[in-house]
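Worksheet: one structure, shown below.
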Amino acid sequence: GENVEQHPSTLSVQEGDSAVIKCTYSDSASNYFPWYKQELGKGPQLIIDIRSNVGEKKDQRIAVTLNKTAKHFSLHITETQPEDSAVYFCAASMGAGGTSYGKLTFGQGTILTVHP
Amino acid sequence: EAQVTQNPRYLITVTGKKLTVTCSQNMNHEYMSWYRQDPGLGLRQIYYSMNVEVTDKGDVPEGYKVSRKEKRNFPLILESPSPNQTSLYFCASSPRAGTEAFFGQGTRLTVV
């Protein structure tokens, strides 16, 4: 089955700096790559996603890049703010036709701390 | 308000005492799933359901059961809980498989 590796496990930055979190996946059949933010005591919430027919996607201070050949994707947060502090998860999901269609396989998570 | 609702939020129980964690969504989503979250392991899928009466095992199904008799509800059943099922559990729903997942607030379960 799919395996998703996420690095780093913890990331500490100063307010205003950029933060980058990287994930690799194992199954080339995966075609949907969401990123989730989990604040303390809450469920994960989608912040951005990308499909395999796109190389990059931006939404204000957040961007995701995908390299299908190398099977890795990254989350970029610019101009970080203290409220960006949370746990971030990447995930990969396979498309229709496979036995694991639609199943989300998550990375291990990254604890991001933004210091004021 | 569109949401996924889990109950209870916190539960402490004893080994072997059957329990059910309820999950309900009001978005008419087809796809629902249960995950457990453990430190350093991320979220692992327990069971999922593609639609009413269609369920299948995820990565860690041992010790759990589910049912999907109605589109909106997807309860998680632990017939005989054991301490290794102590974890944080999340229910999620998606319009269809392979689309955005909406998560509930989580249920923190402790089995002593």
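Convention: sequence-line order gives letters A, B, ...; per-chain numbering from 1.
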Taking atom [atom1] as the centre, does [X] end up with more than 12 heavy-atom neighbours from other residues, nucleotides or ligands that are less than 6.0 angstrom away?
X     : atom1 : answer
A:Q60 : CD    : no
B:R44 : CZ    : yes
A:E79 : CD    : no
B:K71 : NZ    : yes

So which part of [X] gets closer than 4.5 Å to some heavy atom of chain A, the side chain, the backbone, both or neither?
X     : result
B:A92 : neither
B:Q45 : side chain
B:R9  : side chain
B:Q6  : neither
B:Y35 : side chain

Flag yes if [X] and [Y] sit in one hydrophobic cluster, no otherwise; membership is Ile, Leu, Val, Met, Phe, Trp, Tyr, and two members link when side-chain heavy atoms are under 4.5 Å apart.
X     : Y      : answer
B:M27 : B:M32  : no
A:W35 : A:V114 : yes
A:V13 : A:V87  : no
A:Y88 : A:L11  : yes

About how many Å separate [atom2] of [Y] and [atom1] of [X], when rounded to the nearest 0.5 Å?
X      : Y      : atom1 : atom2 : answer
A:Q45  : B:E100 : CD    : CD    : 8.5 Å
B:L43  : A:L104 : CG    : CG    : 9.5 Å
B:F103 : A:L46  : CZ    : CG    : 9.5 Å

**Q.** A:P44 versus chain B, the contacting section by heavy-atom distance below 4.5 Å
**A.**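 Contact with chain B involves both backbone and side-chain atoms of A:P44.
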Q. Which atoms form the tightest heavy-atom contact between B:G98 and A:S93, and what is the distance?
A. CA-OG, 3.9 Å
Q. Which heavy-atom pair separates B:F90 from A:G43 by the least distance, and what is that distance?
A.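 Between these two residues, the closest heavy atoms are CE2-CA, 3.3 Å.
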Q: Name the option with the most non-hydrogen atom pairs under 4.5 Å to chain A; the candidates are B:L41, B:T99, B:L88.
A: B:T99
